[in-house]
Amino acid sequence: MNQPISKISVLGATGSIGRQTLDVAERQNLRVTAIAAGTNVKAMEEAVRRFRPAFAAMRDETAAEQLKLALADTDTRVAGGEEAVLEAARFDADMTVASIVGIAGLRPCMAAIEAGHDLALANKEALVCGGALVTRAAKEKGVRILPVDSEHSAVYQCLQGHKNKRKILLTASGGPFFGKTRAELADVTVADALAHPNWSMGAKITIDSATMVNKGLELIEACWLFGVDESAIEILVHRQSIVHSMVEFADGAVIAQLGVPDMRVPIAYALLGPDRVDFGAARLDFASLASLTFAQPDEATFPATRLAREVHRAGGSKPIVFNGANEAAVAAFLAGKIKFLAITDLVAQAVADLPAMPVDSIDAILEADRAAREYVEKLQKA
């Protein structure tokens, strides 16, 4: 039986997942010992005054100095820079919630595991890029990696008490452009791509949902989390976002986890499961549901899921290139430098052109990531 947790640290505390984690923590009287963020001084000050953590870290050192001045009347110690974020990851806690966006979350995830913390993982890039290293470290330290993404949490919940899984069925909302052709997507704007129909998320993950790269990343992450090959995972577009994912078992039975879209549900399950708590989430009214629909993804228009399967099979540095090239391309799109369809085109070209290299350390992972980003920059200028 898992021991109940009483104190947590939260990395990425000012982002969407971080804020909702703090909401769950407050409702369940969990002590927040440390928090970390990037640059949002105002939100961090509010969080510190609300939760009184012993330690607060800002990746940006200028922001850290501003926060230190703003919190001079409190007992919270403030520090800045990457080492400060790593200190927050290692800080005294039963569980670290890792919700820093992108590969920047890899080192903090490893730091939390090495400190012996269970890891509530909302940073899919840590497993996409460092799956072998992260899972091996967790096994050596005897700590749990608990999924926070709604789809992976759904699979995790469906597996509780059951054996002999045959297939994982990951659902995808399809984003704002489901049913569109490539021609119709040629001139979509950043605002169009950020208009997700069901979920309120940060800009980067929302664009990833629009391109279906997010589902490709989730497929790779699921392989590491649940110890399966990519061929054992099927992706289904489910527009209503009510069925968060499913598992098919050897006897043909399929178990699904359903609910109104609310990220606090998977967050709370990671923190408190297998106990379930009432924190005010909306209830699912089956009588009001007109239908629940499922469709195969259109990989001709949205090739990211097919590409994700290929890079996972290839292994080595290929998944890192996939992720790094995407992060660079999404940043370029958000900055108005490239068009929407160029995101996955650039990712595909980087994956095809950069050779597969073995990766056996964080430094090797970060080097492959750097090479992918630089290659995308080079392709934009060509």
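Please read all numbers here as calculations on a predicted model, not as lab measurements.
Following chains of ILVMFWY side-chain contacts shorter than 4.5 Å, one can reach Val213 starting from Trp224, so the two form part of one hydrophobic cluster. A single hydrophobic cluster is not seen to contain both Val101 and Val347; linkage of ILVMFWY side chains at heavy-atom distances under 4.5 Å, directly or through other members, places them apart. Cluster membership check: Leu86 does not share its hydrophobic cluster with Met58, using side-chain heavy-atom separations under 4.5 Å among Ile, Leu, Val, Met, Phe, Trp and Tyr. When hydrophobic clusters are built by joining Ile, Leu, Val, Met, Phe, Trp and Tyr residues whose side-chain heavy atoms come closer than 4.5 Å, directly or via intermediates, Phe51 is not grouped with Val85. Criterion: ILVMFWY side-chain heavy atoms under 4.5 Å apart, direct or through other members. Under it, Val148 and Met110 are part of a common hydrophobic cluster.
In summary, Glu218 and Lys215 engage in a salt bridge, as defined by a charged side-chain N under 4.0 Å from a carboxylate O. A salt bridge does not link Arg373 with Glu377: every distance from a Lys NZ or Arg NE/NH1/NH2 to an Asp or Glu carboxylate oxygen is 4.0 Å or more. Ion pair Glu114/Arg107 not flagged as a salt bridge, since none of the NZ, NE, NH1 or NH2 atoms sits closer than 4.0 Å to an Asp/Glu carboxylate oxygen. Looking at Asp73 and Arg49, a side-chain N of the basic residue comes within less than 4.0 Å of a carboxylate O on the acidic one, giving a salt bridge. A salt bridge does not link Lys318 to Glu310: none of the charged nitrogens lies less than 4.0 Å from a carboxylate oxygen. Here Arg309 does not pair with Asp229 in a salt bridge; the nearest charged N to carboxylate O distance is not below 4.0 Å. Between Asp94 and Arg31 there is no salt bridge, since no side-chain N of the basic residue sits under 4.0 Å from a carboxylate O of the acidic one. A salt bridge does not link Lys68 with Glu61: every distance from a Lys NZ or Arg NE/NH1/NH2 to an Asp or Glu carboxylate oxygen is 4.0 Å or more. A salt bridge links Lys167 to Glu234: at least one charged side-chain nitrogen sits closer than 4.0 Å to a carboxylate oxygen. Between Arg52 and Asp75 there is no salt bridge, since no side-chain N of the basic residue sits under 4.0 Å from a carboxylate O of the acidic one. Asp23 has no carboxylate O lying under 4.0 Å from a charged side-chain N of Arg19, or vice versa, which leaves the two without a salt bridge. Between Arg283 and Asp278, at least one side-chain nitrogen of the basic residue sits less than 4.0 Å from a carboxylate oxygen of the acidic one, meeting the salt-bridge criterion.
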In sequence, state the C-alpha distance, the side-chain angles, and the governing distance for Ser9 and Thr33, and then conclude on side chain to side chain donor-acceptor pair (under 3.5 Å). CA-CA 6 Å; Ser9 55; Thr33 60; 5.2 Å; no
Arg264 and Arg27: side-chain contact (heavy atoms from CB on, under 4.5 Å), yes or no, with the steps? CA-CA 11 Å; Arg264 293 175 301 172; Arg27 291 170 181 266; 3.7 Å; yes
Test side chain to side chain donor-acceptor pair (under 3.5 Å) on Gln240 and Thr293 and set out the steps. CA-CA 7 Å; Gln240 296 81 19; Thr293 61; 3.1 Å; yes
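When side chains are defined from C-beta on, Phe279 does not count as touching Ile267, because their heavy atoms never get closer than 4.5 Å. Using a 4.5 Å cut-off on side-chain heavy atoms (C-beta onward), Val247 and Phe226 make no contact. A 4.5 Å side-chain heavy-atom check between Cys223 and Ile233 finds at least one atom pair inside the cut-off.
Using cut-offs of 30° and 60° on the angle between ring planes, the pair Phe294 and His238 is parallel.
The local environment of NZ in Lys180 is sparse, with at most 12 non-hydrogen atoms from other residues, nucleotides or ligands closer than 6.0 Å. Crowding of Arg166 atom CZ: a count of heavy atoms from other residues, nucleotides or ligands under 6.0 Å not exceeding 12.
Using modelled atom types, no side-chain atom of His312 and backbone atom of Glu230 make a donor-acceptor pair closer than 3.5 Å. Side chain of Ser288 to backbone of Asp285: a donor-acceptor contact under 3.5 angstrom is found.
In this structure, the ring of Phe302 has its center no less than 6.0 angstrom from the ring center of Phe177.
Contact detail for Thr305 and Met212: the closest heavy-atom pair is CG2-O, 3.9 Å. Smallest separation of non-hydrogen atoms from Gly18 and Val10: CA-CG1, 4.1 Å.
Distance check: Asp369 CG to Asn323 CG gives 6.5 Å after rounding to the nearest 0.5 Å.
If you check the side chains of Thr344 and Thr211, you find no donor sitting under 3.5 Å from an acceptor. Counting only N and O atoms by type, the side chains of Thr62 and Gln66 include no donor and acceptor under 3.5 Å apart.
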